[in-house]
Amino acid sequence: MEFDRDLDHHRRILRMAGDALGMVRRQDHDGLLAELADFLEHSSDGQADLRTLIGVLVQECAAMVGTFTGPSGVPRPAEPVRVEVLDRQSRPVPIDTLEPPVRTMIRIMLAAGYGDPMAAEEQLDLALREAGARELIHLFSLGLTWTVHLAQECARRGLAVVEWARPALD
């Protein structure tokens, strides 16, 4: 994810992402909503910052998925990335039957996972262009949930987790 502002802004985005991951892991939903509201209130461009947050989460999800494909966590970029969504009975669900925010997140993650950041940005731009507050929160929530689960899976496999995402493990 490209940051178009200064280093302090970059740190603020990553700090918010890490704090949010910790709150999701602890299931502190009220704290997460309060933290997000405070973050957006102190932002000069809330939508751009939320977009950046979602992008950071998705890119890290894609990077973590990539570590699963090779021996000893070394990614093999030529190997296909497969994403499967299961229902409560562990049966595969066709992507076209999923809610739009879920489909969008899958498309963004796949684009990022295949090393196409432009396609990931385009998918995110499309989602944000048409998204209301509820959809934005849903996208952010999905990014957080997936990042927590993937960080925990990386830790279980003995793979590294980036510093800012470690609150997902504590």
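All of these numbers come straight from a predicted model, not from anything done at the bench.
- Each of Leu126 and Val58 belongs to its own hydrophobic cluster when Ile, Leu, Val, Met, Phe, Trp and Tyr are linked at side-chain heavy-atom distances under 4.5 angstrom.
- Taking the side-chain hydrogen bond (donor to acceptor under 3.5 Å, both in side chains) definition, one finds that Asp116 meets it with nothing, sequence neighbours left out.
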Exercise for the section: Show your reasoning for whether side chain to side chain contact (heavy atoms under 4.5 Å, CB included) applies to Arg25 and Leu21. Expected result: CA-CA 6 Å; Arg25 184 194 46 75; Leu21 291 170; over 6 Å; no

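- From Asp125, atom CG reaches atom CZ of Arg51 across 4.5 Å, with rounding to the nearest 0.5 Å.
- What you find for Pro167 and Gly18 is that their closest heavy atoms are CB-O, 3.2 Å.
- Applying the salt bridge (charged side-chain N to carboxylate O under 4.0 Å, His left out) test to Asp28 and every residue at least two apart in sequence or in another chain returns nothing.
- Contacts classified as salt bridge (charged side-chain N to carboxylate O under 4.0 Å, His left out) and involving residues 85-94 (residues at least two apart or in different chains) are given here: Asp87-Arg91.
- With values rounded to the nearest 0.5 angstrom, His9 atom NE2 is found 8.5 Å from Asp45 atom CG.
- Among residues two or more places apart in sequence or in another chain, the side-chain contact (heavy atoms from CB on, under 4.5 Å) test is passed with Ala151 by Met64, Val161, Ala168, Leu169.
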Problem - CA sep, side-chain torsions, deciding dist, call: Asp8, Arg11, side chain to side chain contact (heavy atoms under 4.5 Å, CB included) - result: CA-CA 5 Å; Asp8 287 337; Arg11 288 184 182 131; 3.6 Å; yes

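- Applying the salt bridge (charged side-chain N to carboxylate O under 4.0 Å, His left out) criterion to Arg26, with sequence neighbours excluded, gives no partner residue.
- Every residue was checked against the salt bridge (charged side-chain N to carboxylate O under 4.0 Å, His left out) condition with Arg103, not counting sequence neighbours, and none meets it.
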Could you give the side-chain donor-acceptor pairs of residues 32-42 under 3.5 Å, partners two or more places apart or in another chain?
from: Asp38; atom 1: OD1; to: His42; atom 2: ND1; distance (Å): 3.1
from: His42; atom 1: ND1; to: Asp38; atom 2: O; distance (Å): 2.9

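- Looking at Val56 and Trp164, their side chains come closer than 4.5 Å, going by heavy atoms from C-beta outward.
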Practice task
Might you work through the side chain to side chain contact (heavy atoms under 4.5 Å, CB included) test for Ile106 and Val85, ending with a clear yes or no?
Solution key: CA-CA 9 Å; Ile106 290 171; Val85 178; 3.3 Å; yes

Could you pull out all donor-acceptor pairs under 3.5 Å where a side-chain atom in residues 137-148 meets a protein atom, sequence neighbours excluded?
from: Thr145; atom 1: OG1; to: Ser141; atom 2: O; distance (Å): 2.9
from: Thr147; atom 1: OG1; to: Gly143; atom 2: O; distance (Å): 2.6

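- Formation of a donor-acceptor pair under 3.5 Å by the Arg107 side chain with backbone atoms of Gln123 is not found in this model.
- Residue Gly46 comes nearest to Ser43 through the heavy atom pair N-OG, 3.3 Å, listed as atom of the first residue, atom of the second, then distance.
- Among residues two or more places apart in sequence or in another chain, the salt bridge (charged side-chain N to carboxylate O under 4.0 Å, His left out) test is passed with Glu163 by Arg166.
- Rounding to the nearest 0.5 Å places CG of Leu50 at 9.0 Å from CD1 of Ile13.
- Residues passing the side-chain hydrogen bond (donor to acceptor under 3.5 Å, both in side chains) test with Arg156, sequence neighbours excluded: Glu153.
- Through direct or relayed side-chain contacts under 4.5 Å between Ile, Leu, Val, Met, Phe, Trp and Tyr, Leu86 connects to no other residue.
- Evaluation of the salt bridge (charged side-chain N to carboxylate O under 4.0 Å, His left out) test over residues 12-21, restricted to residues two or more places apart or in two chains, returns Arg12-Asp49.
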